[in-house]
Amino acid sequence: MKAVMTVTAQDRVGIIAGVCSLLAEMGVNILDLSQTVMQGIFTMTLLVDTSTSTHSFDEIRSALIGRSKSENLNIHIQRADIFEAMHRV
Amino acid sequence: MLNISDIMQTVNMIDHQHLDIRTITLGISLNDCAHPDIKKCAAKIYDKICSKAARLVSTGERIEREYGIPIVNKRISVTPIAQIAASCESNDYAVIGRALNDAAENCGVNFIGGYSALVHKGFTESDRKLIASIPQTLAETSLVCSSVNVATTKAGINMDAVALMGKVIKETAKLTADKGGLGCAKLVVFANAVEDNPFMAGAFHGVGEPECVINVGVSGPGVVWRALQDVKGQSFDVVAETVKRTAFRITRMGQVVAHAASKMLGVPFGIVDLSLAPTPAKGDSVARILEEMGLETCGTHGTTAALALLNDAVKKGGVMASGHVGGLSGAFIPVSEDEGMIEAVKCGALGIEKLEAMTCVCSVGLDMIAVPGDTSAETISAIIADEAAIGVINNKTTAVRVIPAPDKNVGDSVEFGGLLGSAPVMRVNGAKSDEFIARGGRIPAPIHSLRN
């Protein structure tokens, strides 16, 4: 399943490394990544493929939520079709 | 890759602007549940609902997790019970009401709609029995919603039914007096009721519907409000275009969710109802959208025009976003469920007369309005007659959901809690309509009903 992840947080060292290594540990493949810092707020969006993982979508989601709480990040993961539907005619 | 700002816009809509799917409603036909023994009929109804809707709530929750979109309500609508119970040799239809409630509890849904009768042209014996049992059923159950269609553009207005419903509403308020007349919040009197409405309290599974169907109601007044804040002072052409674009996005989300639910449940997709349904939460109000267009308070002069633009632009934006649009589709103006409407009533800017005018151009009618507890049944019937006339003449759905709040008067408030909100008691016209309602009979269908 293709999913879009968004990560926002107060900018600091190691956010990308932390999130991406968690995805790697879970076998989630990153297809695309874009990142910017807007007024001190780190904002990253990733297009990921969860079908490469042995974990279920729910397990991946729970792991990300767990990490977001422990590292004070705001993480969302949602199926990509919703964004394609909403922003493309 | 998708545009980063598009992605963040969607995330913000969900996180900060109350964008959600208001309801996934599973329509279930109960046509095969009729039985002369009402207890057997009730058991068949219970079994069928529990088997068809067993996975509804878990599927809804799975979609919430995978798509990251809140689905506020999971609901069930069934064939109007007056039709299913017609073959029962019993007068006590409340047995079926309890079975519906038990089934809804078992499935974990928020509401079940369809304790209904369609009497726009006249009553069957079964319709009369069902209507007589509405107050008891709404008092005994917590999840059952009831609706009665008293008029259509094709048939005219059944004034006997209008008279009867005034009494039923009064009785329902009396039997649920300990909860502020809460039973009346679960009872809708319709003109031109639609068969595929996913929203409560008026949802039922129409006679032309398939065995089972998924209908989805989207919401998003907060998103429209936020979008209009970016076009302050600009012309109405820009306002209309902004609402259309926003409605398109909201409806697309509903369409994706509807298809996912349909696929996961193995049930055909019916329609997306693209209604702006407010909640009592701040920033999720239809009234505030109207005010954003330049009105000091919702209810002042200009409100009807603002609502007409909103209602029309929502439909235009939404209709291209979904394969099948249906239900009520437009803007809802329930008073108790809309923080801005409540404020407007409290400050005296919005009264029943203005709300009635607004119902000419919105998607439903006088909704969630508390009136003084001593309002007569005849006055309530007359309010219903006025709304039905607006619906019949304008070829649109109108509805009345009023609560004659027991022992309350103008200036008081009734708390219903949750999505039903808090209703300020509104003034009604004190002059009597008793002789008008006592006439009975039918108001004939308008000339434009003859379109063949």
Side-chain angles (χ1 to χ4, degrees), chain A residues 1-9 11 15-16 19-20 28-51 53 55-66 68-69 73-89, chain B residues 1-17 19-21 58-59 61-71 216 218 220 223 227 244-264 269 272 274 316-323:
Chain A
M1 180 199 304
K2 279 189 189 172
V4 167
M5 266 181 68
T6 62
V7 182
T8 50
D11 193 26
I15 299 177
I16 298 179
V19 172
C20 292
V28 176
N29 192 25
I30 298 172
L31 302 174
D32 201 347
L33 184 156
S34 107
Q35 172 262 311
T36 182
V37 177
M38 292 188 284
Q39 294 165 335
I41 302 294
F42 171 89
T43 306
M44 173 166 72
T45 58
L46 305 94
L47 183 65
V48 299
D49 183 1
T50 59
S51 59
S53 172
H55 298 276
S56 71
F57 183 85
D58 278 347
E59 286 166 351
I60 296 166
R61 184 174 165 273
S62 302
L64 288 166
I65 289 172
S68 74
K69 283 180 184 154
L73 307 167
N74 186 7
I75 302 185
H76 288 269
I77 180 163
Q78 295 161 270
R79 285 176 73 130
D81 9 353
I82 201 87
F83 297 92
E84 282 163 10
M86 281 178 81
H87 298 285
R88 287 180 190 161
V89 178
Chain B
M1 177 79 172
L2 287 147
N3 183 318
I4 191 166
S5 70
D6 286 345
I7 291 173
M8 292 316 292
Q9 186 186 37
T10 300
V11 170
N12 277 334
M13 283 179 179
I14 295 166
D15 271 7
H16 304 297
Q17 297 162 23
L19 179 62
D20 55 46
I21 298 290
S58 59
T59 303
E61 287 167 352
R62 182 178 154 198
I63 294 171
E64 284 183 87
R65 289 194 302 274
E66 288 188 6
Y67 289 89
I69 298 164
I71 299 173
V216 167
V218 296
V223 183
K244 266 164 62 181
R245 284 172 186 273
T246 312
F248 176 84
R249 293 202 174 103
I250 296 170
T251 310
R252 282 293 263 224
M253 193 186 73
Q255 175 79 9
V256 168
V257 167
H259 271 294
S262 160
K263 203 171 155 194
M264 288 178 195
F269 157 63
V272 174
L274 42 104
K316 285 176 180 162
V319 79
M320 205 183 136
S322 171

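Below, chain A is the first sequence line, B the second, and so on; all start at residue 1. Computed from a predicted structure; not experimentally measured.
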> Where the side chain of A:Ser34 meets the backbone of A:Thr45, is there a donor-acceptor pair that is under 3.5 Å apart?
Replying inline: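 No; judged by distance alone, with no hydrogens or angles, the pair does not exist.
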> Rounded to the nearest 0.5 Å, what separation is found between the NE2 atom of A:His76 and the CE atom of A:Met5?
Replying inline: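 Rounded to the nearest 0.5 Å, the NE2-CE separation comes out at 11.0 Å.
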> Contact part of A:Phe57 toward chain B, heavy-atom cut-off under 4.5 Å: side chain, backbone, both or neither?
Replying inline: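 Contact with chain B is through the side chain of A:Phe57 alone.
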> Which answer fits A:Ile77, side chain, backbone, both or neither, if we ask what part of it has an atom under 4.5 Å from a heavy atom of chain B?
Replying inline: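 Looking at A:Ile77, just its backbone touches chain B.
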> Of B:Asp20, B:Leu19, B:Val223, which is the lone residue that meets side-chain contact (heavy atoms from CB on, under 4.5 Å) with B:Ile14?
Replying inline: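 Result for side-chain contact (heavy atoms from CB on, under 4.5 Å) with B:Ile14: B:Leu19.
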> Between A:Ile75 and A:Leu64, which heavy-atom pair has the shortest distance, and what is it?
Replying inline: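 Minimum heavy-atom separation between A:Ile75 and A:Leu64: CD1-O, 3.8 Å.
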>> Suppose we screen for side chain to side chain contact (heavy atoms under 4.5 Å, CB included). Which residues come up paired with A:Asp58, at least two apart in sequence or across chains?
In response: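 Partners of A:Asp58 under the side chain to side chain contact (heavy atoms under 4.5 Å, CB included) test: A:Ser56, B:Arg65.
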> Can you list the residues that meet the ring-ring contact (aromatic ring centres under 6.0 Å, His included) rule with B:His259, with sequence neighbours excluded?
Replying inline: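 Here the qualifying residues are B:Phe269.
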> Which of residues 246-256 of chain B have a heavy atom under 4.5 Å from any heavy atom of chain A?
Replying inline: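 When heavy atoms of chain A are the reference, residues 246-256 of chain B contributes B:Phe248, B:Arg249, B:Arg252, B:Met253, B:Val256 within the under-4.5 Å range.
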> What residues form a side chain to side chain donor-acceptor pair (under 3.5 Å) with B:Thr10, not counting sequence neighbours?
Replying inline: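 Testing B:Thr10 for side chain to side chain donor-acceptor pair (under 3.5 Å), a comparison that skips the adjacent residues, returns A:His87.
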